[in-house]
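The model shown is predicted, which means the values in this text are computed figures rather than measured ones. Chain letters run A, B, ... following the sequence lines, proteins first, then strands; residues in each count from 1.
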Amino acid sequence: MTVTSTTRIPVSGITKHIGALGKAREFGILIALVLVIFAATAKNPMFLFSSDGWRDLLLTPSILALVAIGQAIVMITRNVDLSVGSVMGLSAYLTGRLFIDFPSLPIPVVVVLAVLFGALLGLINGALVAFARVPAMVITLGTLYAYRGINVMWAGSTRVNASDMPKDFLALGTGQILTIPILTIVALVVLAAAAWYMRNTRGGREYYAIGSDPAAAELYGLKTTRRVLTAFILSGALAGLAGVFYAARYGSVSSQAGAGWELDAVGAAVIGGVAITGGVGSVWGAALGAMLLMTINRALPILGIPDFWQRAVVGVLIIGAIVLDRWLAVRQRRQLIEARDQS
Amino acid sequence: MTTATTSTNRVARDFEKPLWRRVFLTREFAIVGLLIFVVLISAATVRGFSQPITLNYLLLDIAPILLIALPMTLIMITGEIDLSVGSMVGLASVVTGAGVHLGLPFEVAALLALLVGVIGGAFNGFLVTVVGLPSLAVTIGTLALFRGLAVGLLGTTAVTSFPEAWTSLAKAKIAGTTIPYIVVPFLILLAIFVIVLHFTPFGRGIYAIGLSKDAARFSGVRVERTKFILFVLAGLVSAFAGIYYTLRFGSARGDNATGLELQVIAAVVLGGVSVFGGRGQLYGVVAAALLIGVLSSALRLANVTSDVINVITGVLLVLSVVSASVLAWFQKARRRPSRPPRVAASTAS
C-alpha cells in the first residue's frame, strides 16, 4: 500500500502538470484574442464600444465556430473533413430554396431539414471513410468538388436574396437578446453541448482513444467504424447549421457560399490546439481559434494594416500554433522522462 | 506500426504475383486504359474534339497541374503532402509581376520568383524535417501565408505589362504541330524525375521512407535530407509554373491559381499514389492529369459547364479510391460464398 502511494504521488503531480499545460494551450489563444481586441479598441473604441462593433465581434465568428467545432471532432479521431465549406454552401442554398419553393413551411422545420441535409452529406463522407478504409483527406477532397459542383448545377448563376426569405428568419440573423446576438447564443449552446459530450461521455472519450491510436482502439474493442461515422455526421450537421446561420446572417446565398471555408475551419482547429495527428485538442480551442481568426480579420484594417494581409497573418498564426504545440509536447516529454528517472 | 506491417505484406504479396498481373492489373494501368477509353469516346461523340487545336488548349490548361504533380508525386510517396503549391504559384506570379513593375528586366524578375520558390519550399522543408511537424498542418499554414504575401504585395492591382517575346513564347506552338512549347520543359522535368525516382538510390529511398520511415533510416536512407530536398523541389517547380501561368494569361495577380493544390492532389491520388506513402508511379499520375484535362475539354466542347466537370472530378476521385476496397470486398465474398455464422463477431462486440 505505502509503496503504491509513494510511487503515485509524483505521477499525480505530473498529471496535474499536464492538465495545467492543456489549460495553458487554450488560455494562450484567449490571451491573444484579448490582446487583439484590446489593441483594436485602443485604436478605435468603436471596435468594441458600439452596438455594431459589439454585435460583429460576437456574430462574425459564430458561423465559423460551428464549422470548426465539427472539424475539431473529426480531427480528434485522426481524420479530416475538407468538404465542410461545400456542405455549408449547399445547406445554405437549400435553406433559401425551401423558403422559395415551400413558403408554407414553418421556420423551425426548414432549419431542421437543412441540418439533417448537412448530416446526410456528412454521413456519405463518413460511410466512404469508415467502410472503404480510405484516408478521409482523399474522400472529402472528392466530395468537396462533388458537393460544390452539385451546388453550382443546382443554383447556376441565380442566388437566393433576402427578399426570398421570411422576415422572421432574417431577424434570427440580426436579432439580439440582452445585446447578445441570437446566433451567438445558439452557437454557445452547441459549443457547450459538444464540449460536455467530448469531455464527459464514453462516446466522447472514445473519439480521443481512436485518434490517439486507431489500431489499439480497434483491438480494445471500440466501435471505431461507428464512432468515425458519427464524427462525420456531427461535422456535416454542424456545417448544415452553419449554412442556416449563413443564410440568416447575410440574407443572400450564391452557389459560391462557403467556398474556401474548409481551410479556415481546419486553420481554426489547428490554431485552437487540435492536433492534425488526432487524439489531442478540444472543441473549446477550435471555437476560440475561429473567434481569433475572424476577429483578427476585422481588426487588421483598424490597426492600419490593409486587410489584404489577413491571410498572411492567418498563415503565421497557424504555423505559430503548431510550432508552439510541438515545443510544448517536447517539453512535456522531457519532463515525463525526468520524473521517471527521479522515481 | 500497422501501416508498416500491412505495407510489407502488400509488397510481399505483389512479388508473388506473375509479372503480367503486376503490370496490367494495377491502378496505373487502369487509369491509362480509362484515359484511352475517354479519348476514343470523346473523339467519336464530341464534335470538334478530334481537332488538333483541342490538344493545344488542353495542354496549355493543365501544364501547371502536370508540372507540379511531378514533385508532388514524390512527396506523397514519402507519405507527406504539400498543400501550399497553389499559393506558391500565386506568390511567384506576383513576385514576377512586381519585379517587372519596379523596372527589373523580366528575366531577373523571373529568377527572383524562382528564388522565392526555393525559399518557400525550404521553409516548408525546415518545419517538416527539422522542427518535426506534420506536413499537412505546416502546408495548410504556408498555403495561407504564401497566398497572404501574394495578395498583400499587389493588393487588387494586376501587373499586365510583360515582354511580348515571353508572353507569346508561353502560348507558342512547336513548329508544324499544335503542341505548345511548355511541353518541352515538362518532358525534360519528367525524364529527370523518372530517372531520379527509379534509377537512383535517392529515388529508392523515397519509396523506402513511405513504406517505413524507421526501416528506411536504419538502412541508411537520409530521411530528413530527402524530404527537405523534395519540398524545395516542389517550391521551385511551383514557382516555375507560376511564371508560366503569369505569361500565359499575361497577368500577375494575387489570386492567380487559387485552389490549384486540390487539382494537383486529385491528379496524384487518381494516378494511384497512396496517401499513406510507399506506392505510386509517375506515369499513372501523368495519365490521371491528362484524363482530368481530356474530360474537362471534351465536356466543355459538349457545352457541359465547368461545375459538372467538378462533380465528375470529385466522383472520379472518390470512386477511384473506393474501388480498391469494393473489389477486395467482392473477392473476399466470392472466396467464401457461404458465410460461417458470425460467432466471433458477436463475442467481440
Visitor: If you compare all heavy atoms of A:W309 against all heavy atoms of B:G148, which two are closest, and at what distance to 0.1 Å?
Guide: CE3-O, 4.1 Å

Visitor: Among residues 131-144 of chain B, which residues come closer than 4.5 Å to chain A, judged by heavy atom distances?
Guide: B:V131, B:G132, B:L133, B:P134, B:L136, B:A137, B:V138, B:I140, B:G141, B:T142, B:L143, B:A144

Visitor: Quick one: pull up CD1 in B:I265 and CG in A:L141 and give me the separation to the nearest 0.5 Å.
Guide: 6.5 Å

Visitor: Pick one of side chain, backbone, both or neither for B:I81, based on which atoms fall under 4.5 Å of a heavy atom in chain A.
Guide: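 For B:I81, side-chain heavy atoms alone lie under 4.5 Å from chain A.
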
Visitor: Would you mind checking which part of A:V138 comes under 4.5 Å of any heavy atom in chain B, side chain (CB onward), backbone (N, CA, C, O), both or neither?
Guide: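 Both backbone and side chain.
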
Visitor: Give, as side chain, backbone, both or neither, the part of A:I271 having an atom under 4.5 angstrom from any heavy atom of chain B.
Guide: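 For A:I271, there is no contact with chain B at all, as no heavy atom is under 4.5 Å.
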
Visitor: Counting heavy-atom pairs under 4.5 Å to chain A, which of B:V151, B:L154, B:L149 comes out on top?
Guide: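 Maximum pair count with chain A is reached by B:V151.
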
Visitor: How about residues 69-80 of chain A versus chain B: which residues have heavy atoms under 4.5 Å apart?
Guide: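 Within residues 69-80 of chain A, near chain B: nothing under 4.5 Å.
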
Visitor: Select, from A:I319, A:V270, A:I139, the one with the greatest count of heavy-atom pairs under 4.5 Å involving chain B.
Guide: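 Going by pairs under 4.5 Å, I would pick A:I319.
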
Visitor: I'd like to verify something: which residue of A:I150, A:L263, A:I276 has the highest number of heavy-atom pairs under 4.5 Å with chain B?
Guide: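 Highest number of heavy-atom pairs under 4.5 Å: A:I276.
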
Visitor: Taking only residues two or more places apart in sequence, or in another chain, which ones meet A:R311 in a salt bridge (charged side-chain N to carboxylate O under 4.0 Å, His left out)?
Guide: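 Checked A:R311 against salt bridge (charged side-chain N to carboxylate O under 4.0 Å, His left out); matches are A:D264.
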
Visitor: Out of B:L316, B:I312, B:V275, B:L262, which one racks up the most heavy-atom pairs below 4.5 Å with chain A?
Guide: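 Ranked by heavy-atom pairs under 4.5 Å with chain A, first place is B:L262.
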
Visitor: Need one label for B:L127: side chain, backbone, both or neither, based on atoms under 4.5 Å from any heavy atom in chain A.
Guide: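 Answer is side chain: those atoms of B:L127 sit under 4.5 Å from chain A.
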
Visitor: Can you list everything that forms a side chain to side chain donor-acceptor pair (under 3.5 Å) with A:R202? Sequence neighbours excluded, please.
Guide: A:E206

Visitor: To the nearest 0.5 Å, tell me how far B:L83 CG sits from A:M137 CE.
Guide: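 B:L83 CG to A:M137 CE: 6.5 Å, rounded to 0.5 Å.
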
